[in-house]
Protein chains: 2
Amino acid sequence: MNKPQNHTVTCHACSLNVICVPQSLTPEEIDLVDSKVQRGRAVQRNKHVFEDGQQFTSLYAVRSGAIKAYSVDQNGEEQVIGFYLPGELFGLDAIHNDAYVCSAKALETSAVCELPYAQVTELSAKIHNLQAHMYKTLSKEINTDQQFHRLLSKKTAEERISTFLQNLSERYQRRKLSPTSFRLPMSRTDIGNYLGLAVETVSRVFTRLQQNGILKVDGKELQILDLGKLCDIAHSEGCEFRS
Amino acid sequence: MNKPQNHTVTCHACSLNVICVPQSLTPEEIDLVDSKVQRGRAVQRNKHVFEDGQQFTSLYAVRSGAIKAYSVDQNGEEQVIGFYLPGELFGLDAIHNDAYVCSAKALETSAVCELPYAQVTELSAKIHNLQAHMYKTLSKEINTDQQFHRLLSKKTAEERISTFLQNLSERYQRRKLSPTSFRLPMSRTDIGNYLGLAVETVSRVFTRLQQNGILKVDGKELQILDLGKLCDIAHSEGCEFRS
DNA sequence: CGATTTGTTGATCTTACTCAATAATCGTGG
DNA sequence: CCACGATTATTGAGTAAGATCAACAAATCG
């Protein structure tokens with residue numbers, strides 16, 4: 001097994017990077033936002049940030065580590081809703097409700113930044129650019145989900161996995177990490193569940209992509225050897241389904 | 001073919017019903033909102049309300065008729081994103097962008113209400129309850145898309161169709177129309193595309209559900225004979241995937 | 001009324017699922 | 001630090017749900 005790379009990155013001013021459009025806010029506004037909404041919290045592997053049904057109070061941003069959102073239906077079947085990496089916001093789906101509508105657990109030791117929703121609404125009423133940014137963030141999430149609709153409705157197993165990996169690659173790159181060499185924080189089961197595939201299919205596709213010289217997979221360590229080919233297979237419009 | 005029922009319903013004060021929480025706004029605020037955002041527009045069958053790539057200016061609410069949202073990928077393949085019925089808001093996915101990210105066309109002669117986005121942001125900055133409502137509306141849409149994720153990722157063809165019909169039923173009921181007897185405004189092809197199924201499969205499932213005495217299908221006229229059984233098959237959590 | 005689109009039904013094929021066995025990895029405690 | 005049990009991942013064989021291809025029927029539209 002390779003030496004594990006450092007895949008957890010912290011953002012200095014969490015709210016600044018995550019919920020604000022830095023350019024559009026004055027330094028004073030940024031300070032105000034930071035003072036009101038920034039609250040750190042460590043989360044051990046397999047521990048929940050929040051659980052389905054719990055009272056909704058806050059949005060969360062990932063500072064380091066990785067978070068999995070999922071819900072369980074009446075038959076007890078789990079559905080993985082998404083994975084969140086450093087710099088990403090989650091809990092947005094609960095705003096319309098008094099309670100969280102899914103559960104969020106840490107896939108590895110993580111740190112999250114809590115943004116009390118009451119503060120978010122209060123501040124965004126005062127700071128026009130913050131409101132605009134919140135609307136955009138929510139809208140982008142809707143758009144992302146719609147692109148995912150196409151993935152599930154039209155793409156083959158190979159296309160789904162390729163799209164997924166390409167998307168992870170982009171998100172790591174955005175966080176100034178290697179876009180071609182990273183560790184998958186989630187299990188094969190979680191990947192399959194998320195992409196609407198059986199675990200075995202995920203395993204087989206990984207093997208096939210490796211045989212074709214596109215990937216090098218060693219457990220959870222992943223290297224993309226031919227990003228171009230990977231994108232070709234994914235051929236997902238605009239090459240991204242998560243902001 | 002049966003005598004077509006009147007399936008188009010107008011809402012008196014469009015913005016009031018659609019984008020506001022009536023109870024939480026004062027009459028003066030409602031008047032203000034209505035005066036700023038309400039603009040009607042008729043749309044003939046197969047005509048677009050907006051098209052992918054066009055400059056984003058407004059959100060829209062359906063007053064009467066039915067609207068289909070879809071996008072086309074680089075291979076020219078269409079993906080149906082959603083169907084919108086009277087009282088429902090669409091165009092939310094474009095807020096994060098300067099241009100619309102999908103196209104919206106009328107499935108039948110329709111009337112839509114235009115809500116210039118600049119007015120929406122301006123008003124929601126002033127009226128706190130309007131901002132809260134916008135956040136909730138966007139959040140609910142995210143939640144709906146996530147429930148759809150489960151449909152595409154886990155459900156069989158029969159479950160998908162049943163869930164779809166049950167959902168339509170609920171939406172017609174909300175608009176004070178019969179929940180068990182209505183006209184499908186979209187083609188079988190559109191239904192299949194939306195649900196990730198081949199047209200032939202849609203046709204076959206309709207036939208099967210009819211043979212089991214659950215439905216009566218006559219072209220686009222639909223009667224749900226056994227809503228209980230339909231819901232059992234759908235067994236989708238909370239029995240709804242669109243608000 | 002004829003042409004074109006849309007919907008239905010049947011036969012065959014394919015992709016990915018299921019079941020099953022084995023291998024590798026992880027986590028825990030001695 | 002190593003050994004053990006438990007979880008997670010891989011690979012193979014057989015199956016099934018739904019796709020595709022093809023032919024025909026019905027509805028819609030000009």
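Please read these numbers as outputs of a predicted model, since none were measured by experiment. Chain letters run A, B, ... following the sequence lines, proteins first and then strands; every chain starts at 1.
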Measure from [atom1] on [X] to [atom2] on [N] and round the result to the nearest Å.
{"X": "B:Leu195", "N": "D:dA19", "atom1": "CG", "atom2": "P", "value": "11 Å"}
{"X": "A:Leu184", "N": "C:dT25", "atom1": "CG", "atom2": "C1'", "value": "15 Å"}
{"X": "B:Ile161", "N": "C:dT8", "atom1": "CD1", "atom2": "C1'", "value": "14 Å"}
{"X": "A:Glu108", "N": "C:dT25", "atom1": "CD", "atom2": "C1'", "value": "17 Å"}
{"X": "B:Asn193", "N": "C:dG7", "atom1": "CG", "atom2": "P", "value": "13 Å"}
{"X": "B:Leu222", "N": "C:dG7", "atom1": "CG", "atom2": "P", "value": "14 Å"}
{"X": "A:Gln44", "N": "C:dG27", "atom1": "CD", "atom2": "P", "value": "12 Å"}
{"X": "B:Arg183", "N": "C:dT6", "atom1": "CZ", "atom2": "C1'", "value": "13 Å"}

Next item on the list: Look at A:Arg183 together with A:Glu108 and state whether they make a salt bridge at an N to O cut-off of under 4.0 Å.
Entry: no
Check: Can you list the residues that meet the side chain to side chain contact (heavy atoms under 4.5 Å, CB included) rule with B:Leu227, with sequence neighbours excluded?
Finding: B:Ser169, B:Ile224, B:Leu230, B:Cys231
Item checked: For B:Arg204, all residues meeting side chain to side chain contact (heavy atoms under 4.5 Å, CB included), sequence neighbours excluded -> B:Glu200, B:Arg208
Note to self: Side chains of A:Asn97 and B:Lys140: any donor to acceptor distance under 3.5 Å?
What the structure shows: no
Item checked: Spacing of B:Glu158 atom CD and B:Phe206 atom CZ [to the nearest 0.5 Å] -> 12.0 Å
Next item on the list: List for me each residue that meets salt bridge (Lys or Arg N to Asp or Glu O under 4.0 Å) alongside A:Glu78, sequence neighbours excluded, and say none if there are none.
Entry: A:Lys68
Item checked: Overall bend - the helix from C:dC1-D:dG30 to C:dG30-D:dC1, comparing terminal axes fitted on five pairs, nearest 10 degrees ->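 Answer rounded to 10°: the end axes differ by 60°.
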Check: Reading nucleotides 5-18 of chain D from the 5' end, what letters show protein touch, with B for base, S for backbone sugar-phosphate only, - for no heavy atom under 4.0 Å?
Finding: ----SBBBB----S
Note to self: Would you call the rings of A:Phe83 and A:Tyr194 parallel, tilted or perpendicular, taking 30° and 60° as the class edges?
What the structure shows: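 Taking A:Tyr194 first and then A:Phe83, their aromatic rings stand perpendicular (interplane angle over 60°).
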Next item on the list: Determine the sole option in B:Ile233, B:Thr201, B:Leu197 for which the side chain to side chain contact (heavy atoms under 4.5 Å, CB included) test with B:Arg160 is passed.
Entry: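 Answer after filtering B:Ile233, B:Thr201, B:Leu197: B:Leu197.
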Note to self: Test of understanding: with ring-ring contact (aromatic ring centres under 6.0 Å, His included), list the residues that count as partners of A:Phe56, not counting sequence neighbours.
What the structure shows: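 ring-ring contact (aromatic ring centres under 6.0 Å, His included) check on A:Phe56 returns A:Tyr100, A:Tyr117.
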